[in-house]
Amino acid sequence: MSDPRLGRVVADADVLAADLLVGGDARDAMDLVRSHSWVELAASDHLLADAEAVIADLADDALAADWREKIDGLAVAVNHPAGDHPALASAYHADAAHVLSFDDDLRSARTGMELKQRFDVSVKSPGAFARLFDPERLYPEVVGGEYPGPDRDPRE
Amino acid sequence: MTTWQALFERASDHATSERDIRDALAARRDE
């Protein structure tokens, strides 16, 4: 039986900004998302606005605006009330199995236990996600059939 | 629409770090 939620990912604003501005683990993780059309990036406007503001703050407004246009074309939009944590609320409303964050508090065992009582989600660092997310193993569960390999250019 | 590669190349002009990003995001969310 397919389980599409295993292919749904939320990247918090720090990871999205680091993907663009730093590279490293954040880009490795996001490349996994970008290179598979069946892996869905879910994000609320609140979350993307946070990342856009950080990019504008640390780089410039034009880059932030162009990044926003690009990410809007990749992400599946979800809504949640203002004031909720944008990454956790996006994951909750998108029914996503994975949250990527650099925030140690968000990834703590205590937070993990509290989240598990509400919904089944795994909060990982981008590096852990890049190491552990296995498209070949998940494809049969998410889509069905034999894994065909990456089907998108992650830099396009 | 621009490509991811083009965005990454433009972003490389701006030296920053994961720490800077975490701090900037924390400041925004604490406002």
To the nearest 0.5 Å, what is the distance between CE on B:Met1 and CD on A:Glu69? 4.5 Å

Counting only heavy atoms not in A:Tyr139 (residues, nucleotides, ligands), do more than 12 fall under 6.0 Å from its OH? yes

Side chain from CB out, backbone as N, CA, C, O: work out which of these in A:Leu74 comes under 4.5 Å of a heavy atom of chain B, or both, or neither. side chain

Okay, A:Ala49 and chain B: the region with an atom under 4.5 Å from a heavy atom over there is both

If you count heavy-atom pairs under 4.5 Å between each of A:Asp60, A:Val15, A:Ile55 and chain B, which one has the most? A:Asp60

Does atom CE (A:Met113) have a neighbourhood of more than 12 heavy atoms from anything else shown, all under 6.0 Å? no

Between B:Thr2, B:Thr16, B:Asp20, which residue shows the highest count of heavy-atom pairs closer than 4.5 Å to chain A? B:Thr16

How long is the span from the CG atom in A:Asp12 to the CG atom in B:Leu25, to the nearest 0.5 Å? 6.0 Å

Check whether A:Val142 and A:Val76 end up in the same hydrophobic cluster, where Ile, Leu, Val, Met, Phe, Trp and Tyr are linked by side-chain heavy atoms less than 4.5 Å apart. no

Determine, for A:Asp57 against B:Arg28, whether the closest basic-nitrogen to carboxylate-oxygen distance falls under 4.0 angstrom. no

Reported NE2-to-CZ distance for the pair A:His46 and B:Arg29, which is rounded to 0.5 angstrom: 11.0 Å

Is there a side-chain contact between B:Glu18 and A:Leu21, using heavy atoms and a 4.5 Å cut-off? no

Side chain, backbone, both or neither: which part of A:Ala51 has an atom under 4.5 Å from a heavy atom of chain B? neither

For B:Thr3 against A:Glu156, the heavy-atom pair lying closest together: CG2-OE2, 3.6 Å

Against chain B, work out which of A:Asp153, A:Ile71, A:Asp103 has the most heavy-atom pairs shorter than 4.5 Å and name it. A:Ile71

Rounded to the nearest 0.5 Å, what separation is found between the CG atom of A:Asp14 and the CZ atom of B:Arg22? 7.5 Å

Taking every heavy atom of A:Asp19 against every heavy atom of B:Phe8, the minimum-distance pair comes out as O-CE2, 3.6 Å

